[in-house]
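Single-structure report; data block below.
Letters go in sequence order (proteins before strands), and every chain restarts at 1.
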Protein chains: 2
Amino acid sequence: MAAKPKYLTIANQLEQDILIHKYQKQLPHLDQLALIYQTSKVTIVKALSFLQYKGIIKTVRGHGTIILTATEIELAKKDNANEHVGFTERIKNSEFLTSNIISFDLREPTEKEAAFLKIGKSEQVYDIIRQRLLNDFPVRLEYTIMPVKVIPGITKAVLEKSIYGYIENTLQLKVGRANRTFRADKSDAYDQLYLKCAKTDPVFEVEQVCFLSSGLPFEYSQTRNRYDQGELTLNQV
Amino acid sequence: MAAKPKYLTIANQLEQDILIHKYQKQLPHLDQLALIYQTSKVTIVKALSFLQYKGIIKTVRGHGTIILTATEIELAKKDNANEHVGFTERIKNSEFLTSNIISFDLREPTEKEAAFLKIGKSEQVYDIIRQRLLNDFPVRLEYTIMPVKVIPGITKAVLEKSIYGYIENTLQLKVGRANRTFRADKSDAYDQLYLKCAKTDPVFEVEQVCFLSSGLPFEYSQTRNRYDQGELTLNQV
DNA sequence: GAGTGGTCTAGACCACTAG
DNA sequence: TAGTGGTCTAGACCACTCC
């Protein structure tokens, strides 16, 4: 018995069929698909709504289910919004991402940080600055603030590995939602030093607040990306 | 009879109830909600999955439906990814957005443009450069390329009003998906001139390809935002 | 094991598109 | 008006969490 729900199995099968051009511009009718997959209409609808979400098809009420053009499907796959989730820790395929800890302190939060993390002014936070290198070339500078109360026991050893791994495996906490803001900014002296960028080079900044699945904020961070090493692509309706 | 499907009506009602703290940390069980709203369980599930998508609740199989913290809900509402859809034309509440046409020409596309727009090298395109001002202050510089064949009849009068309005109302075409890439870049001489920014100021660039609902690409554009006037916020899981 | 969310069915009916 | 996608029901059963 497949662990996957039937509608996902059907969605994946349909996706394959679309990719090999088994269907041309349109899929068969819902009833026909229900017959083909020996299932009910509602299940087919669910499968199709998943494919629509993925940017592969488009349903038009009263008309039919249209397969998007190859160009649209191709671009939809460039969407990397989810790769920025846990951006701090994500390692891309076979690339060599390393950390260089620039500083690691304990202190009280600023007013802004306390507000973002919903903590009192006297509750201590870790103040972590890390340089991230991709194949030995600096790509990001990360300023991370975390409340000690929420994420206890961070050490240099943890920072050198993965904070997220520590949170999920050692502390057995689950990471939930995140809120990220992307913007351009001027580079400052630290950027120039640690990103090896010119004085006139901008940086691509990602400011984020991350929550545990319990709803507790556990990280406020600012990531300064070399402007030639970070961009975000979205596919939208 | 409400034009809205029942599950949306229920979702909106539940959202209101959550906002006025009618429920504390958790919603009633599915069966209970089905009873309350005199509907079937599946409809309730659909309503909840919509609220989950909106970032208001979180369903946990085997446990219940949890209301996210006020902080999370608040941040979820800052997501402005969809405001960047039709960014070129969207006018914010009661703000005064105007256009200043810097140039408007017809020419053949570059190789890159032809590739993005899926047209031949000899098919003419409009080449439009517009400065956008918010309350008389320059905020964006837009470079827009459109194939004449796809969007015929563009004039300066159209540009001064709204290209999207012309496409949808006059040409009766429907706008479909868009693919956008956000990045930081150095400002160039034009940015400095038309965005009134300093030589060292960066710009926040949005590069996009837009499609008609038919799947035909109709616009390739690069929008250069003053770095203090444009940012993108996403809320993710 | 009790409780709760998720999936699935078969069929009715609604809403929209297009000729 | 015919064809097609969307919603809805009532109830069965599955999958997961927590005690």
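Nearest to the side-chain atoms of Pro5(B) among the listed nucleotides dC8(C), dT7(D), dG6(C) stands dT7(D). For Thr65(B), the listed nucleotide lying nearest its side chain is dG5(C); candidates were dT7(D), dT9(C), dG5(C).
Across all strands shown, dG19(C) remains unpaired; no Watson-Crick or G-U wobble contact has both distances below 3.5 Å.
Counting non-hydrogen atoms under 4.0 angstrom, Val60(B) reaches the backbone sugars and phosphates but no base. Heavy atoms of Lys41(A) sit under 4.0 angstrom from at least one base atom.
The phosphate of dT9(D) (OP1 or OP2) has a side-chain N or O of Thr43(B) nearer than 4.0 angstrom.
Residues Thr39(A) and Tyr7(A) form no side-chain contact, since every pair of their non-hydrogen atoms from C-beta on lies 4.5 Å or further apart. In this structure the side chain of Thr110(B) never reaches within 4.5 angstrom of the side chain of Ile145(B), judged on heavy atoms.
In this structure, CD on Glu72(A) lies 8.5 Å from CG on Asn235(A), to the nearest 0.5 angstrom.
With DNA chain D read from its 5' end, the first of the two nearest nucleotides for Val42(A) and Gly64(A) is the one closest to Gly64(A).
In this structure, CD of Gln26(B) is placed 12 Å from C1' of dC18(D), rounded to the nearest angstrom. Between the OH atom of Tyr7(A) and the P atom of dT9(C) there is a distance of 13 Å, given to the nearest Å.
Each of Thr65(B), Leu51(B), Leu68(B), Ile67(B) was scored for a side chain to side chain contact (heavy atoms under 4.5 Å, CB included) with Lys58(B), with one residue passing: Leu68(B).
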